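Have a look at the structure below, then the notes.
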Amino acid sequence: MARETDRASFVTIFFRHDAAVLLTRSRGSVEADDEAFDGAWDAVTIPVDATPATVRDRLGARPEIPPDATLVEVGEPYSTPVPDGREATAVPVLFDCRSRTFDVPADATDREWVPPTEMLRRETRDGLWEAYDRVRPMPETLRTDTEHGSGYISIRAMEVVRDAAGAIVGGEDRPDDEWATIAEIADDVLAARPSMAALANRVNRILWRASDDRRAAAVESIAVEELETALRADERAASEAAANVDDNVVLTLSRSGTVLPALTSGPERAIVAESRPAREGIGVAERVTDAGIDVTVCVDAAIAHVLATERVDAVLLGADTILRDGTLVNKVGSRGAAIAAAAEGIPVYAVTATDKISPAGTPTLEDGPDEEVYDGDRRVDVSNPTFDTTPPSHLTGLITEDGILDISAVRDVADAHAERAAWDRA
């Protein structure tokens, strides 16, 4: 862990949008045959005196940080050379950005959004990859993320595989058996969130496609392709959902990367349950409000009452997993919302990319920490399930990038995912 005495002269900022990071380059002048030269590629590096513990506050008012950027990770400090030849200490940070349209430092003459592994193939500032390595997604990142939905986490899982393969390709000490090393990393990723079908299906497809070649370079290249495919599938599923709820009053709960875009572009009004205990629905409500949509927030316990007493045209749910029989596995509360909606004759749609369809017939459910529900000193047992299951009989439709799927189509997709999961680890 970093110490409070690890003062930093700079902060190296990796801005991430989708699965790409921003690199910039400045044109500088040196006495080298009296010619100007193109500088090395870099992240956005700014002078800020901070420690890992204080960097969040120190960056809060900086004009270089887009107002919609979210701080994701703060890494361990590292040493970096500065133009006067001395060594400085820098803290690497990673931000998620909603778009790629924001100002960069005025001296940047070039800017590109690229897969991070491009740093290993370009002329970059010394130590840039090592800085990114301190904030990039890892299996532990996936395990501890209780804020995001499975779509987002599955993208991060694919990045773990891509970055690990790229590091092998660009490293000086390459393992004797690249495939065995990558297979071990992939298995760690798959074990991180066993309840999330999208994570398993997307990682398995990368390894399945690369299993004939078995080189790190092939894994990296395929991961870059599959990341783009996955991101576009999520976008198309959201577009399909938005078309189905255009001008409607929609109720939802929790946070879904496919439901959120549909809420910001389609409905007349959104009712968002806060989704305890993490209350991620509050962030969803704020995002939808920012898009100009009328929003009402309610407590989870009021869902049935709201459905019975207010105009609601549809319930829109995300999906962490769809089982092969059409059962929805999603944030706890989804089942109750679907049952209450059915009692009122209100349609219920699950919005998901087909990568969330699982070959499994039974769910793998997760529990949250006890202290999220009760942290007192009495002898109280705690039940804090993260997910519940909703039978297909309570769902009006499954909206995907390929339109609305019936049970037969769900089974066909599940079978295809099962085939890809059998890639050779040996």
Side-chain angles (χ1 to χ4, degrees), residues 15-20 22 60 65-72 95-103 113 145 147-155 230-276 278-300 302-303 306-307 310-320 330-331 333-334 337 341 346-353 356 397 399-401:
F15 289 115
R16 180 177 65 195
H17 177 260
D18 287 345
L22 176 65
I65 311 299
D68 62 357
T70 302
L71 181 61
V72 176
F95 279 88
D96 272 340
C97 301
R98 296 187 196 173
S99 74
R100 301 185 182 187
T101 56
F102 57 87
D103 294 334
W113 290 88
D145 189 338
E147 178 183 358
H148 296 98
S150 64
Y152 176 97
I153 294 174
S154 71
I155 296 298
L231 289 163
R232 300 296 80 80
D234 291 342
E235 289 177 359
R236 293 199 307 275
S239 295
E240 291 281 346
N244 276 273
V245 298
D246 190 34
D247 295 329
N248 286 349
V249 176
V250 178
L251 183 141
T252 191
L253 61 86
S254 190
R255 174 174 176 166
S256 164
T258 45
V259 170
L260 181 57
L263 294 178
T264 58
S265 60
E268 170 189 326
R269 175 176 171 237
I271 302 172
V272 184
E274 60 179 343
S275 195
R276 286 185 180 270
R279 302 183 75 226
E280 60 266 29
I282 300 302
V284 171
E286 292 173 342
R287 288 280 299 274
V288 177
T289 299
D290 290 344
I293 307 295
D294 291 337
V295 177
T296 299
V297 174
C298 71
V299 297
D300 298 351
I303 289 176
V306 169
L307 291 169
E310 297 192 30
R311 174 194 164 192
V312 178
D313 300 307
V315 173
L316 213 58
L317 301 173
D320 278 277
N330 198 46
K331 179 64 187 284
S334 299
I346 297 170
V348 180
Y349 297 100
V351 186
T352 176
K356 293 185 181 180
I399 303 175
T400 75
E401 72 273 24

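The residues of the chain are indexed from 1 along the displayed sequence. This structure is a prediction, so every number in the text was calculated from the model and none was measured.
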Approximate separation, where rounding is to 0.5 Å, of S150 OG and I155 CD1: 10.0 Å
Partners meeting salt bridge (Lys or Arg N to Asp or Glu O under 4.0 Å) with R232 (sequence neighbours left out): D18, E228, E235
Residue list, salt bridge (Lys or Arg N to Asp or Glu O under 4.0 Å) with R255, at least two apart or on another chain: E147
Results of side chain to side chain donor-acceptor pair (under 3.5 Å) for D313 - residues two or more places apart only: R311
Partner residues of H17 under the ring pair (Phe, Tyr, Trp, His ring centres under 6.0 Å) criterion, sequence neighbours left out: none
Contacts of Y349 that satisfy ring pair (Phe, Tyr, Trp, His ring centres under 6.0 Å) - sequence neighbours left out: none
Could you tabulate the donor-acceptor pairs under 3.5 Å formed by side-chain atoms of residues 245-253, not counting sequence neighbours?
residue, atom, partner, partner atom, Å
T252, OG1, L316, O, 2.6

Non-neighbouring partners of S254 that pass side chain to side chain donor-acceptor pair (under 3.5 Å), sequence neighbours left out: E280
Set of salt bridge (Lys or Arg N to Asp or Glu O under 4.0 Å) partners for D145, sequence neighbours left out: none
Rounded distance [0.5 Å steps], OG in S154 versus CG in L231: 8.5 Å
Residues forming a salt bridge (Lys or Arg N to Asp or Glu O under 4.0 Å) with R287, sequence neighbours excluded: none
Residue list, side chain to side chain donor-acceptor pair (under 3.5 Å) with T289, at least two apart or on another chain: none
With sequence neighbours excluded, residues passing side-chain contact (heavy atoms from CB on, under 4.5 Å) with T258: D234, A237, S256, V351, K356
Non-neighbouring partners of R279 that pass side chain to side chain donor-acceptor pair (under 3.5 Å), sequence neighbours left out: E274
